[in-house]
Every structure is written in structure tokens, then in C-alpha cells.
Amino acid sequence: MPKTQESKIRIATPDDVFDILILAKEFSKEAPKSHKWNKDKTELFLMSTFQNTNMEIFVIDVDGEIEGALVGLLSELYMSHTVQATELAWFVSKEYRGKPASIRLMKAFEKWAEASGANQVGMGDIEGISSLEKLYNRLGYKKAETVYLKEI
């Protein structure tokens, strides 16, 4: 009988950066032009999170392979004392999108946010990949802002 693959959600280590870079590259192929990636810039960003006490990377680990990552940042909003945990990057391999592990990844981020003193969590939805609006609504999120980009 074949072994079933077990997925676990955990905090990333520097050893996971290579696998996260692969996910980011694959994700960038689906993303709009505004979200294209640069390997060196992405790697520098990921490595900097390990030095920043207001940032964390969560991963979906499936038998030692990283199938998803979510990078979060804690910051106080400029106009109030509200602390928001913001998702800065969320990459999940196509095979794990919509699966329980991807929801557990979000839940781990939310749990960290709450334990870290956040009053709210902000999640993004990049236009042109797949709409996450139904998922976010189902999980209790409400649309608060829409961003429009213009190339100059």
C-alpha cells in the first residue's frame, strides 16, 4: 500500500528559501506583469525576514518538500494604533491550492498575528490569477481596499 503524503504547517528556516524561490518563480508565471519576479531580490527579501522580529514565513511541508509559503508582516497603521498583520507574499503550488493545507497555512498566519498582538489581518488577491474573494468571505474577511496600478 502506498504511503500517504502528510502535510504540516511550520515556520520556515533559511534552508527552505531555495524551495520557496521555486514556488515564487512558478507563481510569477501566472501573475500579471506588475508582479514579475527577480531571483536575487526575492531571495534577499526572504532572507531578511529571518532578521526581522515583525516578520514570519509559514510553509506547507509535505514530506520535506515545500508546497506553499506565506510571508507576513506586523505593522501599526499610520493613522491609528491598530496593529495589522499583512500578507506580503502567498505562494501555493497548483497541486495544493484549494486543499486543506492551504487553509491551514492561512490559519497559522492568523494565529501568529493574534499571538503577536495584531488587531486585524490583511490578505491580498492578485488580479488575473484566481479570485480569492469567496474564500476570504467564507473565512470572515471583508473587502476593505482595492489597489489600481498604472505603469509610468
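Start at 1 with the first residue, then count along the sequence.
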Q) Taking only residues two or more places apart in sequence or in another chain, which ones pass side-chain contact (heavy atoms from CB on, under 4.5 Å) with K99? A) none

(Q) Which Ile, Leu, Val, Met, Phe, Trp or Tyr residues join F18 in one cluster when any pair of side-chain heavy atoms under 4.5 Å counts as a link? (A) I22

(Q) K94: which residues meet the side-chain contact (heavy atoms from CB on, under 4.5 Å) condition with it, sequence neighbours left out? (A) E30, R97

Could you list the donor-acceptor pairs under 3.5 angstrom formed between side-chain atoms of residues 115-122 and any protein atom two or more places apart in sequence or on another chain?
unit_1 : atom_1 : unit_2 : atom_2 : d
S116   : OG     : W112   : O      : 2.8
S116   : OG     : W112   : NE1    : 3.4
N119   : OD1    : V83    : N      : 2.7
Q120   : NE2    : Q84    : OE1    : 2.6

Q) Of all residues at least two apart in sequence or in a different chain, which pass the side chain to side chain donor-acceptor pair (under 3.5 Å) check with T82? A) S80

Q.
According to side-chain contact (heavy atoms from CB on, under 4.5 Å), who are the partners of K142, at least two apart in sequence or on a separate chain?
A. none

**Q.** With sequence neighbours excluded, residues passing side-chain contact (heavy atoms from CB on, under 4.5 Å) with A108
**A.** I9, F58

Q: Among Ile, Leu, Val, Met, Phe, Trp and Tyr joined by side-chain contacts under 4.5 Å, find the other residues sharing a cluster with L77 and list them by chain and number.
A: Y78, M79

Q | Residue pairs, two or more places apart or on separate chains, that pass side-chain hydrogen bond (donor to acceptor under 3.5 Å, both in side chains) and touch residues 43-54 | A | K39-E43

Q.
I need the full list of salt bridge (charged side-chain N to carboxylate O under 4.0 Å, His left out) pairs touching residues 103-115, with sequence neighbours left out, sorted by first then second residue.
A. K107-E110

Q) Who are the side chain to side chain donor-acceptor pair (under 3.5 Å) partners of D61, not counting sequence neighbours? A) R10

Q. How would you list all residue pairs meeting salt bridge (charged side-chain N to carboxylate O under 4.0 Å, His left out) that involve residues 68-78, not counting sequence neighbours?
A. none

